[in-house]
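All residue numbers refer to positions in the sequence shown, counting from 1. In this text, all values refer to a predicted model and were calculated from it rather than measured experimentally.
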Amino acid sequence: MDDRPLDLELVRAFVHVADLSSFTRAAEALGGTQAGVSLKLRKLEARLGRTLLERTPRLVRLTADGALFLERARRLLASDREARLWDAAPVRRLRLGISDHTTGDTLPALLRRLSSVSPGIAFDIRMGFSRVLCDAFDAGELDAAVVRREGSRRDGEVLRQDRYGWFAAGDWQARGDSLPLALLAPPCGVRATAVEGLGSSGIAWHEAFTGGSVSSVSAAVAARLAVAPLAAHLAPPGSVDVGPALNLPALPVATVMLVARAGDAPAKVALRELAAFLRA
């Protein structure tokens with residue numbers, strides 16, 4: 001048996017790849033290169049004598065041994081942080097705005113990720129509409145914001161493109177001449193785009209459900225109450241895009257972007273992790 005301690009940098013690289021399902025995103029989060037991360041994973045697997053990841057051109061996933069090692073790896077990194085930072089107070093607060101349309105039910109995983117890689121930062125999270133969050137950022141009330149690009153705004157780092165559709169439960173049946181919609185309240189940009197499209201197409205509709213969050217709108221879809229304009233990755237399981245079947249207007253692809261001010265090193269690390277998570 002080899003009793004030498006593990007190299008924590010190798011372990012950290014493995015956890016990043018496992019969490020982000022991508023060598024490219026892991027390298028971005030770690031501030032390195034894809035080749036460097038791949039080399040670290042090979043060294044770790046050689047050290048353990050086990051294959052931790054299955055690699056294909058389009059997929060990275062854990063093997064059975066990788067899944068068993070992952071929680072051990074997390075505990076190892078947490079113990080290392082506790083040993084090094086046991087008497088350290090939070091370095092700073094990071095005021096972060098997040099549009100509900102960009103994260104939905106992935107928000108808990110995102111927050112776990114941020115807290116695990118940035119234990120010296122206390123996060124102050126504000127959820128809201130993209131336009132409101134951009135105004136708050138411009139007013140100096142936020143250090144960074146993850147939003148949908150709206151209007152003519154072109155600053156910020158592009159993270160991904162989200163496809164939108166008109167989603168309904170798989171067994172939902174259209175009744176009557178007016179389309180029942182589940183929407184967020186104004187000033188939601190998705191709502192405004194959807195309503196404008198229906199109006200231009202001459203399609204009758206009524207508001208059957210008004211939600212305070214994307215998850216509540218998704219719940220209304222799952223309950224077969226209405227059709228909702230949603231990003232495809234936020235649509236509830238089992239739902240389908242009924243837009244083509246009902247001849248509904250196509251919804252534009254949304255650009256998700258990060259707007260941020262230059263911060264100190266811990267803030268930059270946290271925002272790099274945030275960007276990598278949302279890209280993945």
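Arg224 CZ: 12 or fewer foreign heavy atoms inside a 6.0 Å radius. For CD of Glu54, the number of neighbouring non-hydrogen atoms (other residues, nucleotides, ligands) closer than 6.0 Å is greater than 12. Within a 6.0 Å radius of CG in Asp171, other residues, nucleotides and ligands contribute more than 12 heavy atoms. The number of heavy atoms from other shown groups lying within 6.0 Å of CZ (Arg50) does not exceed 12.
A donor-acceptor pair shorter than 3.5 Å can be found between the side chains of Gln161 and Thr255. Ser38 and Arg42 share a side-chain donor-acceptor pair at under 3.5 Å.
In this structure, Leu184 and Val217 have side chains that are in contact, with non-hydrogen atoms separated by less than 4.5 Å. At a threshold of 4.5 Å between non-hydrogen side-chain atoms, the residues Pro180 and Arg175 do not count as touching.
A salt bridge does not link Arg126 to Asp124: none of the charged side-chain nitrogens sits closer than 4.0 Å to a carboxylate oxygen. For the pair Glu28 and Arg25, the salt-bridge criterion is met [side-chain N within less than 4.0 Å of a carboxylate O]. A salt bridge links Glu157 to Arg279: one of the charged nitrogens lies within less than 4.0 Å of a carboxylate oxygen. A salt bridge does not link Arg112 with Glu273: every distance from a Lys NZ or Arg NE/NH1/NH2 to an Asp or Glu carboxylate oxygen is 4.0 Å or more. For the pair Arg191 and Glu207, the salt-bridge criterion is met [side-chain N within less than 4.0 Å of a carboxylate O].
Atom NE2 of His101 is separated from atom OG of Ser213 by 10.0 Å, given to the nearest 0.5 angstrom. Taken from CE in Met257 to CG in Leu159, the straight-line distance is 9.5 Å, to the nearest 0.5 Å. If you take CG on Asp143 and CG on Leu271, they are separated by 8.5 Å, rounding to the nearest 0.5 Å.
The closest donor-acceptor contact from the side chain of Ser118 to the backbone of Ile121 lies at 3.5 Å or more, if one exists at all. The backbone N or O of Leu111 sits less than 3.5 Å from a side-chain atom of Ser115, completing a donor-acceptor pair. When atom types are taken as modelled, the side chain of Thr63 and the backbone of Leu52 share a donor-acceptor pair closer than 3.5 angstrom. Judged by distance alone, the side chain of Trp166 and the main-chain N or O of Pro249 form a donor-acceptor pair under 3.5 Å. Checking side-chain atoms of Ser22 against main-chain N and O of Thr24 turns up a donor-acceptor pair under 3.5 Å. When atom types are taken as modelled, the side chain of Ser200 and the backbone of Gly197 share no donor-acceptor pair closer than 3.5 angstrom. Listed for the Ser218 side chain is a donor-acceptor partner under 3.5 Å among the backbone atoms of Leu234. Under the 3.5 Å distance criterion, the side-chain polar atoms of Ser201 are left unmatched by any main-chain donor or acceptor of Leu198.
A cation-pi arrangement is not found for Arg95 relative to Phe137, the charged atom failing to lie both closer than 6.0 Å to the ring centre and inside a 45° cone about the ring normal. Both tests pass for Arg148 against the ring of Tyr164: distance under 6.0 Å to the centre and angle within 45° of the axis.
By the rule that hydrophobic residues join a cluster once side-chain heavy atoms approach within less than 4.5 Å of another member, Leu68 and Leu6 end up as members of separate clusters. Two different hydrophobic clusters hold Leu48 and Leu39 under the rule that ILVMFWY side chains link at heavy-atom gaps under 4.5 Å.
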> Does the pair Leu142 and Leu96 meet the rule for a side-chain contact (heavy atoms from CB on, under 4.5 Å), with working shown?
Replying inline: CA-CA 6 Å; Leu142 296 172; Leu96 179 61; over 6 Å; no
